[in-house]
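Atoms considered below: every heavy atom in the structure, side chains included; atoms not considered: hydrogens, waters and symmetry mates. In what follows, chains carry the letters A, B, and so on, assigned in the order in which the sequence lines appear, proteins first and then strands, with residues in each chain numbered from 1.
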Amino acid sequence: MINDAEIGIAGAAGQGMQTIAFTLGKTFACAGYFSYTYHDIMSRIRGGSNLSVLRIKNTPVSSISYHLDLLVALDFEGILKNKNIIKKPGLIIYDGEKIKLERGEAGLFSVPLERLALEAGKDKVTVNSVATGAVVALLNGEVAACCEVIRELFAGKSEEVIANNINAVKSGFEYAKKNMPAGAGLQIKPANLAAKSLFINGSDALALAAIASGLKFYAGYPMSPSTAVMEYVAAKANSFKIIYEQAEDEIAAINMVVGAAYSGVRAMTATSGGGFALMTEGISLAGMTETPVVIVLTQRPGPATGFPTRTEQADLNMALYSGHGEFAKVILAPGTAAECFIIISRAFNLAEKYQVPVIVLTDQCLNDSSYTLKFSDLEIEPVNRGQLGFVPAGEPYTYQRYSLKETGVSPRLVPGCEKQVVCEDSDEHTEAGHISESAELRKLMVQKRLGKLKAIAAEIRPPAYSGANEPEILLVSWGSTFGAVKEAVELLNEKGVKAAMLHFSEIWPLPELELPCNLAQIKNIIAVEGNATGQFGALFSVHTGVTPHKSILRFDGRPITAEYIITKV
Amino acid sequence: MINDAEIGIAGAAGQGMQTIAFTLGKTFACAGYFSYTYHDIMSRIRGGSNLSVLRIKNTPVSSISYHLDLLVALDFEGILKNKNIIKKPGLIIYDGEKIKLERGEAGLFSVPLERLALEAGKDKVTVNSVATGAVVALLNGEVAACCEVIRELFAGKSEEVIANNINAVKSGFEYAKKNMPAGAGLQIKPANLAAKSLFINGSDALALAAIASGLKFYAGYPMSPSTAVMEYVAAKANSFKIIYEQAEDEIAAINMVVGAAYSGVRAMTATSGGGFALMTEGISLAGMTETPVVIVLTQRPGPATGFPTRTEQADLNMALYSGHGEFAKVILAPGTAAECFIIISRAFNLAEKYQVPVIVLTDQCLNDSSYTLKFSDLEIEPVNRGQLGFVPAGEPYTYQRYSLKETGVSPRLVPGCEKQVVCEDSDEHTEAGHISESAELRKLMVQKRLGKLKAIAAEIRPPAYSGANEPEILLVSWGSTFGAVKEAVELLNEKGVKAAMLHFSEIWPLPELELPCNLAQIKNIIAVEGNATGQFGALFSVHTGVTPHKSILRFDGRPITAEYIITKV
Amino acid sequence: MVTKQDYNSTDPVAWCPGCGNFSILNSLKDALVELGLEPWQVVLVSGIGQAAKLPHYLKCNLFNGLHGRALPAAFGIKAVNHKLKVIVHGGDGDAYAEGGNHFVHAIRRNADLTYFVHDNQIYGLTKGQASPTTDPGMKTGTTPFGSYNEPEQPMAVAIALNASFVARAFAGDPVQLVKIMKSALLHRGFSFVDILQPCITFNKTNTYQWYKERVYKLEEDPGYDPRDRSVAFTRSLEWGDKIPTGIIYECDRPVYEDHSPVSKDISLCREKLVLPKLEDLLKAYF
Amino acid sequence: MVTKQDYNSTDPVAWCPGCGNFSILNSLKDALVELGLEPWQVVLVSGIGQAAKLPHYLKCNLFNGLHGRALPAAFGIKAVNHKLKVIVHGGDGDAYAEGGNHFVHAIRRNADLTYFVHDNQIYGLTKGQASPTTDPGMKTGTTPFGSYNEPEQPMAVAIALNASFVARAFAGDPVQLVKIMKSALLHRGFSFVDILQPCITFNKTNTYQWYKERVYKLEEDPGYDPRDRSVAFTRSLEWGDKIPTGIIYECDRPVYEDHSPVSKDISLCREKLVLPKLEDLLKAYF
Ligand SMILES: Cc1ncc(C[n+]2csc(CCOP(=O)(O)OP(=O)(O)O)c2C)c(N)n1
Ligand SMILES: Cc1ncc(C[n+]2csc(CCOP(=O)(O)OP(=O)(O)O)c2C)c(N)n1
Ligand code: SF4
Ligand code: SF4
Ligand SMILES: [Mg+2]
Ligand SMILES: [Mg+2]
C-alpha cells in the first residue's frame with residue numbers, strides 16, 4: 001500500500017487528456033482520497049504534445065511531483081516526451097495495436113484502446129473512457145464510482161452517448177483487471193474523509209466564489225488562462241441574475257466594470273498579464289473615483305505573449321504599481337481553490353468597505369488545476385458593502401460623493417436616488433465631485449485616498465505559518481505555490497530538518513507581522529516563487545527589514561514542486 | 001543691487017502670461033543672466049487664473065521660490081490669488097484704468113496697459129508687449145535687447161505686427177521709466193557669462209536632443225504636458241527627415257514605434273501617465289522582442305486625469321514595473337533642460353546597445369519650464385547603434401535574431417537584407433524567432449533578457465554629489481527637483497549647516513554607488529521627491545540598504561522649492 | 001414640474017466665451033426639461049476634453065471618466081441601473097480617436113444610451129491638434145504641413161454598423177438641436193448625434209459662419225427616408241458645400257436590454273443582494 | 001526565379017488538420033511567388049490568434065506582435081523601410097475587436113500595406129468565443145445563450161471609411177483567393193481582404209459547406225462597378241443566402257507615403273545616420 005500515486009496522461013491537444021484526468025480525479029475524490037490535477041499544455045487546439053498529471057494521495061495535496069507511477073500515452077510522442085519522468089519501475093499504458101514499441105525501461109501494458117472503444121463504446125471517441133476505466137483498474141478503484149462521474153460529466157448528452165461511455169469505461173476496466181502485468185496494480189492507502197468532497201478547478205472556484213459573494217456585473221475579454229472564469233460566469237449569468245458582457249477589449253471591460261460599480265453593484269473582470277496591462281489606466285480611474293472593483297489577474301509567463309498556457313508568478317510588481325499616480329489598492333493571492341472562496345468574498349468586501357480596486361492574483365497553475373476540497377473548509381465572508389446607501393438622506397441635492405472623513409471613506413450612494421446626485425470624477429475634485437485645481441484640496445484628497453491603506457492593512461489576514469517552531473529554514477512564499485511549499489516543509493521535517501513555511505495569500509497592504517518565530521534568528525530564510533527576479537522576496541524585505549538569504553525561483557513555465565524546492569534548499 | 005529677482009505674471013488663460021515670461025526670460029538670458037520660468041496653469045484655454053513665474057539670477061537657477069519681487073497682474077483675480085506670495089515691500093504692476101484697487105500691502109504701480117497698447121501698438125493684443133516693456137524698465141534691462149527678442153518671437157508674422165509690438169514694448173518701457181515709484185526699480189548684479197546663452201524649455205530640449213541623436217520615427221498622441229515634444233518633432237519632421245505620425249491612441253503609438261525600431265531606425269514616443277499606462281503592454285512587447293525604443297513619460301499628478309497641467313513625480317514605480325512579465329528596461333530622469341541632451345542621446349544609445357526599452361521620466365515642471373543654458377555645457381553622446389547590421393552575412397537564410405550570446409545581446413539586422421530574414425516574436429521563441437514551448441529554452445531566453453541589466457548598470461552615470469564633504473544632512477533626490485534641491489543645499493551651507501545633495505538622473509538599473517561620503521555615518525538622510533509615497537526613497541533603500549531617515553514630499557501639483565525643503569529639513 | 005433652473009450647477013464653466021459648447025449645454029437642459037426628467041433621474045457620462053466637461057455644468061448624476069472611455073463606463077452604469085437616463089457627451093477625439101473601438105462596439109451592442117458628440121473637428125482641450133474629423137489640409141499643432149488622413153464620416157460609419165439612430169445637428173441652430181436631442185433621448189436603443197460645434201479658438205476654418213453656409217435640414221426634404229439604409233449611406237457622405245442635418249438614419253433593432261432575462265426589467269443595483277447558497281452553487285462538484 | 005519551395009519554413013504548423021488557414025497559407029505563397037517576390041523582400045506582420053501564427057509558417061521577415069496591434073506595428077515597419085512588402089495577417093477578433101480602432105485609422109491613413117483578415121467568425125486560439133462577426137444566435141463559450149450583438153460587416157465599414165481596396169475571398173476557393181491576394185498586393189495604398197475561413201473545430205455553423213452554398217463572384221456580374229461607393233455599400237450589406245466575393249470597392253486616394261517629402265521615396269532605415277549639428281538645431285534659442 002502506498003500513500004501517493006501520480007498518473008500522467010499524455011497525448012496531442014484534442015485527444016482529451018484533461019477529461020481523463022478530471023474523471024479519474026473526481027472518481028478518487030469521491031472515494032475519499034485527495035486528488036489534484038495539473039495540466040501541462042501547449043497553446044494549440046489540436047496536435048502537439050500535452051500532459052495532464054493526476055495526483056492521488058491520502059492527505060491533502062495541491063501540487064504534483066513530476067514523477068509518474070503510471071503514464072497513459074495516447075500517442076507515441078507522449079511516451080517519447082515523458083518517459084524520463086516515469087518512476088522506476090513504473091508502467092506505461094498504451095494502445096499496442098496502434099503504437100509499436102520496443103521494451104523500454106518502464107513496464108509496458110498495452111490496452112487496445114481503440115478496439116475496445118469501437119466494440120464497447122461503439123465509437124472511436126470513447127477511447128478516453130476506455131483509458132479511464134483501465135486506470136481505475138490499475139489503481140484498484142471502483143468502476144461503479146467512475147461510471148457515476150462519467151454520467152454526471154456527460155449530463156445533457158443523449159442517453160446513448162452516456163451508455164456508450166460507461167460501457168467503454170467498464171470494458172477498459174475489465175480488460176486491465178484481466179490483463180495487467182502482475183504486480184502492476186497500485187493500492188493507495190485510504191484517506192479518512194468523513195464528508196463527501198468536492199473536486200473543482202481554480203477558475204470555477206473563482207467564478208463560483210464571486211457569484212456566492214453577490215457578483216452582479218461581469219465584463220471581460222477572453223485571454224488564457226483566465227477565460228474559464230468568464231465562461232463560467234456567462235453560463236450562470238441568467239440563473240443568478242448577473243449582467244454579463246463580452247467586451248470588445250480589456251479597456252472596455254475595466255471601464256464597464258467601473259461604471260457598473262459606480263452604479264451600485266458588485267462588479268468584476270478577469271484577465272491575464274497583457275490584458276491587465278491594458279486595464280491599468282482603468283485601475284487608476286477606479287483609484288481616483290474611489291470605485292470598488294475586483295480584477296482577477298491570472299498570471300502566465302511573459303513578457304508580451306510569452307507562454308499563453310503555462311504558469312508563472314511574475315506580475316506581482318506590475319499589479320502592485322499598476323496605474324499612474326498614487327492610490328490605495330489591495331492585492332490578494334489565493335493558495336488553493338479552497339482559498340479562492342474566502343479570498344474572493346474578502347476582495348468584494350474590502351473593495352466596497354474601502355472603495356478601492358482589489359486585484360486577485362492567480363496563475364495558470366491555480367486556475368487550470370482541480371483540487372479536492374472539503375465543503376466544511378470553504379468559507380465566504382459575510383457581505384459587507386461598507387458605506388453604500390440606497391436611499392437619499394439630507395436636504396435635496398446636498399449629497400457629496402467625496403465628503404472628507406477621518407477614515408478616508410465617504411458614504412456612497414447609488415445614483416438615481418430622489419433629489420440627490422452622485423458625481424464621480426477622474427480629475428482631482430471637490431467633495432462634491434467637481435473638477436478642482438486647488439492645491440490645498442489636492443493634498444487632502446491624496447491623503448484621503450492613500451490614508452485608507454493603514455486601515456486595510458489592519459484587516460489583512462496574516463500569512464500562514466506551519467512547520468517547525470524554531471526553524472532553521474523558513475520558506476517564504478505566496479499564491480499558488482502553497483501546496484508545493486507545504487509539501488516541501490513536510491518532507492524536510494520528515495527528514496529531521498527544522499523547516500517551516502510562511503505563506504502569504506494576502507499581499508498588499510502588508511500588515512505588521514506577528515510571527516511565532518523571530519525572523520532575525522533564522523539562519524536560512526528562502527523566498528520561493530515562480531518568477532526570475534524574486535519580486536515578493538524584495539517586498540518582504542522592504543516590509544520586514546529582513547532580506548531573504550536566498551531565493552528559489554522557477555520561470556520555465558512549469559509549476560514549482562516540493563522536490564524542486566528541496567534540491568535547491 | 002540684488003542677486004536674484006522673481007517676477008510673477010498673473011492673469012486668465014489666454015492673456016499671454018507665458019509669452020511675457022518667456023520674452024523677459026530670454027531678454028535677460030541674452031543679457032548674461034540666468035533666467036528660468038515656471039508656469040502654474042489651469043487646464044483650460046481661456047479664463048481661470050494662471051501664474052507664470054520668472055526668476056532672474058546671477059548664478060545658475062532652475063527653480064522658483066514662490067516669493068515675488070514683482071507681480072504683473074493682467075486681471076483683478078491675478079492680484080487676489082497671488083498677493084500673499086508677494087515679498088514685502090514688493091510691487092504690483094496693473095492697469096489702473098481697467099482695474100480699480102485700494103492700496104494693499106504691496107506697492108501698486110498702475111501702467112495703462114490697454115491705452116498704451118492701443119496707442120503705441122495699434123491693437124489691444126499688444127497689451128502683453130506693453131507689460132513686458134514695463135518690466136524691462138523696472139528691472140533696469142535694455143529695451144533694445146527686448147525688442148530683438150520680440151522680433152525673433154514674431155518671426156513669420158507681418159512687419160506691421162512686429163513693429164506694433166516693438167512700439168508697444170518701448171511705450172511700456174518708457175512709461176515705466178518715467179512713472180515708476182521711487183525706489184521701485186530692481187538692479188540685479190550682472191552675471192559673468194562669457195558666451196551667449198540659450199533659453200529653452202524642457203519639451204523643446206527633449207525633442208531637439210532626440211533629433212540631434214538621430215531620431216527617425218516618432219508616433220504619439222497628444223497629452224499634456226507631453227504634447228509640446230510631439231509638436232516640436234512635427235514641425236521639424238520634414239527638415240530633418242523624420243517620419244512623424246499622430247496615432248489614433250497611445251497603443252497605436254507605441255506599437256508603431258516598436259515596428260519602426262524593428263525596421264531599423266531610432267524611434268520614440270512621448271506621453272503622460274494615462275497614456276503611458278495604455279502603452280505598458282507595448283513596452284512588454286519591446287522587452288520580449290528586444291526592440292530598442294525610447295518612451296518619454298512626462299509626469300503629471302494622478303491618478304486618472306488628476307491635474308492635467310501640473311507637476312508630480314509619482315509615476316516612477318509604474319515606469320519601473322511597467323509591462324507584464326520580467327525584462328530589462330532602463331529609466332533615466334533629466335534634472336534640467338541642459339541634461340535632456342545627454343540623457344536623450346544616452347537613451348537611444350542604451351536602447352540600441354542593449355536592445356531594450358528606455359523610459360525617460362520628466363514632468364510638467366521640467367517640460368514647461370524654460371532654462372538658461374550654456375552651449376558649452378550641452379553634451380550629446382556619440383551615436384552607438386550597438387550590434388545593428390545593415391548588410392547580410394553568412395549563408396543564405398541563416399540569420400538568427402535571438403542567437404544566444406554571453407552578453408544577452410544578439411546581433412540585429414535591418415529587415416530587407418538580401419537572402420536573410422529577421423523574425424521577431426512576442427511569444428517565447430527560438431533563437432530564430434519562432435514560437436517555442438520548450439522549458440529549457442525559456443530559461444535561457446529569460447536569462448538572456450534579464451542578464452543585460454548587469455552590463456547596463458555598469459554604464460549608468462553615478463548620481464551627482466554636491467555640498468559639504470562629510471554632511472550631517474544628505475538630500476537624496478531625482479529628476480526635475482535638481483534645481484530646488486541644489487539651491488536648498490547652497491542655502492543650508494550658507495547658514496553653516498553641513499548639507500549635501502545626492503541627485504539621481506539615471507534611475508534604473510541602479511549601479512553600485514561610490515560616494516564621497518559614508519552613508520552609514522550620515523545622521524540625517526532625507527529623500528526629497530514630488531510624490532506622496534516616497535517612491536525613490538524606497539528604491540534607494542532597497543538598493544543601498546540604507547533607509548532615508550525622513551522624506552520631504554510634495555504632491556499638491558506645485559513644484560518643490562528650496563524653501564519648501566529647508567522649512568521641512 | 002421640473003424647470004431649467006433645477007438643472008443649474010454652481011460649477012464655474014471653463015469654456016472659452018463664445019464656444020459652441022454653450023449652446024449644446026443649454027439645449028441639453030431644454031431637452032431634459034421638456035422631457036420632464038429630473039436631475040437625479042439622469043446620469044451624464046463623459047471622457048476627457050472640452051466637451052467632456054459638460055456634465056459638470058448642469059446638476060445631475062455624473063461620471064466623468066477617462067479620455068475615450070465614456071461609452072463602456074456608460075454601458076456598465078446603464079446595464080445595472082435601468083431606470084437611469086444615461087447620456088454620454090464627448091468630443092470628436094474622445095469619440096473617434098481614443099474611443100474609436102468603443103464607438104463601433106457600442107453601436108453593435110445597441111444598449112439604451114444616448115451619445116452626443118461635440119464635433120469641433122479639432123482637439124480643443126489639448127490646444128489644437130488634428131482629430132479624425134479634421135478637414136484635409138488644415139494646419140494644426142500636430143499637422144503643421146496640413147492634415148492628410150481621410151476625415152472620418154461618423155454618420156457613414158454608424159450607418160455601416162447599422163446604428164439604430166443616427167443624426168447630425170449644429171450647435172448654431174439650437175431649435176433643431178433641442179428637437180434632435182429629444183428624439184435621441186426618446187429613442188430606445190443606442191442613439192447617436194454628431195453635433196457640429198464651432199471651436200472659436202483652435203478651429204479657424206470650420207467656424208459658425210462656415211457651418212451656417214453649408215447646413216441644411218433633411219426634414220425639409222419630404223422625400224427623404226431615413227429608414228432606407230442605402231439612401232442614408234449615400235446622403236451621409238455629403239460633406240462640403242452642403243451638409244445635411246437631422247435624423248439621417250433610423251432602424252428597428254433589438255435593444256441590448258431585451259436579450260437577456262436579467263437585463264430586461266430589473267435594476268440590479270436596487271435589488272437587495274440575496275446571496276445564493278454555497279451548497280446549491282456547488283452541487284455539481286460533489 | 002523564386003519558387004514556392006523558397007518559402008518553405010521548418011516551423012511545425014500548429015493548426016488543426018483541415019483548418020481553412022492552410023489554404024490561405026498556400027495561396028499566399030502562390031501569390032508571392034507569382035509576383036516574383038523573394039522571402040527577404042517581404043515582412044509578414046501579425047497579432048495573436050490562429051491566423052496570426054501564419055507568418056511563422058513561411059520563410060520571410062516577420063514581426064509577430066500583440067493581439068490586435070499588428071496594424072500599427074506594420075505601419076511603423078513600412079514607414080521607415082519602404083522597399084519592404086508589408087503584409088498583415090490577423091483573425092476577426094484581432095482585427096475587429098481588440099484591434100478595431102487601428103483598423104479604422106489604418107484605412108484613414110492609407111499607407112501602402114495589405115491586410116488579410118482570416119474571418120472564421122469565432123475566436124479560434126482561445127477555444128471558441130464569439131467575435132464581432134459571429135452570426136446572431138450562435139452559442140459559444142462566451143455567448144451560451146446565443147450571440148446577440150449586431151455582427152460587424154467589415155466590408156461596409158471599410159467602404160464607409162473610404163478604404164482604397166476592399167475585397168472578400170473564401171479560403172475554399174484558392175484560385176480566386178490567389179487572384180484577389182495578388183490584386184491586393186499590387187494595389188498601392190491600404191488593401192483589405194476579408195477571407196472567409198472555416199474553423200472546423202469551433203465554428204460548426206459557418207462551415208466549408210455553409211460558405212460554399214452562399215458565395216458568388218462579383219467579377220461574374222459584368223454590371224458591377226466596384227468604383228461606385230453607394231453601389232458597393234449596398235452590395236456589401238449582402239450576407240445570408242448570398243455572399244458576394246471579389247473586389248467590392250476600390251477608389252483612388254492619396255497614399256500615406258505621398259504626403260510628406262520624407263516618406264515619399266527613401267528608406268530611412270537604410271540611410272546612414274547623419275546627425276544634424278547641435279549648433280544648427282539650436283540656432284533659434286540663442
Ligand atoms: C489616455 C489619454 N490620452 C490623451 C489625453 C489628453 N487629452 C485630453 S482631451 C484630448 C482631446 C480633446 O479633443 P476632443 O476629444 O475632440 O475634445 P474637445 O476638447 O475638442 O472638446 C486629449 C488628447 C488624455 N487625457 N488621456
Ligand atoms: C491583450 C490580449 N487579450 C487577449 C488575448 C487572448 N487572445 C489571443 S488570440 C485571441 C482571439 C483569437 O481570435 P481571432 O483573432 O479571431 O483569431 P483566430 O484564432 O480565430 O484565428 C484572444 C482573445 C491576448 N493574447 N492579448
Ligand atoms: S478651446 Fe475651443 S472647444 Fe475648447 S472651450 Fe475654447 S472654443 Fe470651446
Ligand atoms: S481552432 Fe479553428 S481556426 Fe484554429 S487551427 Fe483549429 S480549425 Fe483552424
Ligand atoms: Mg474636439
Ligand atoms: Mg477568428
Begin from the C-alpha positions of F555(B) and Q447(A) and carry the test side-chain contact (heavy atoms from CB on, under 4.5 Å) through to its verdict. CA-CA 10 Å; F555(B) 47 87; Q447(A) 284 159 347; 3.7 Å; yes
Given heavy-atom pairs under 4.5 angstrom as the criterion, report whether the side chain, backbone, both or neither of [X] touches chain A.
| X | result |
| --- | --- |
| L450(B) | side chain |
| N317(B) | both |
| R449(B) | side chain |
| Q535(B) | side chain |
| S322(B) | neither |
| R310(B) | side chain |

Among [options], which residue has the highest count of heavy-atom pairs closer than 4.5 Å to chain B?
| options | answer |
| --- | --- |
| D425(A), D427(A), T547(A) | D427(A) |
| L285(A), V446(A), V542(A), T533(A) | T533(A) |
| L320(A), N531(A), L297(A), L316(A) | N531(A) |

When G325(B), G306(B), G275(B), A277(B) are compared by non-hydrogen pairs under 4.5 Å with chain A, the top option: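 Highest number of heavy-atom pairs under 4.5 Å: G306(B).
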Largest heavy-atom contact set with chain A, pairs under 4.5 Å, which of G48(B), G287(B), G557(B), P301(B):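 Winner by heavy-atom pair count: P301(B).
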I41(A) versus chain B, the contacting section by heavy-atom distance below 4.5 Å: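 Only the backbone of I41(A) comes within 4.5 Å of chain B.
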Under 4.5 Å from any heavy atom of chain B, what part of D315(A) do you find: side chain, backbone, both or neither?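 Answer is side chain: those atoms of D315(A) sit under 4.5 Å from chain B.
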For R401(A), side-chain hydrogen bond (donor to acceptor under 3.5 Å, both in side chains) partners two or more places apart: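 Residues passing side-chain hydrogen bond (donor to acceptor under 3.5 Å, both in side chains) with R401(A): Q355(A), E424(A).
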Under 3.5 Å, is there a donor-acceptor pair between the side chain of H324(A) and the main chain of A304(B)?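 Judged by distance alone, yes, a pair lies under 3.5 Å.
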Side-chain donor/acceptor of E326(B) to backbone N/O of A532(A), under 3.5 Å: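 Flag set: sc E326(B) to bb A532(A) pair under 3.5 Å.
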Closest heavy-atom contact between M288(B) and P303(A)?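 Scanning both residues, the minimum pair turns out to be CE-O, 3.4 Å.
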Sort by residue number and list every member of residues 436-443 of chain B having a non-hydrogen atom under 4.5 Å from chain A.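 Expected list: S436(B), E437(B), S438(B), A439(B), R442(B), K443(B).
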CD1 of I435(B) to OG1 of T305(A): how many Å apart, nearest 0.5 Å?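 If I round to the nearest 0.5 Å, the distance is 8.5 Å.
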Let me confirm one number: the CE-CD distance from M318(B) to E281(A), rounded to the nearest 0.5 Å.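 CD of E281(A) is found 9.5 Å from CE of M318(B).
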Side-chain touch L278(B)/I251(A), heavy atoms, less than 4.5 angstrom: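 Yes. Closest side-chain heavy atoms under 4.5 Å.
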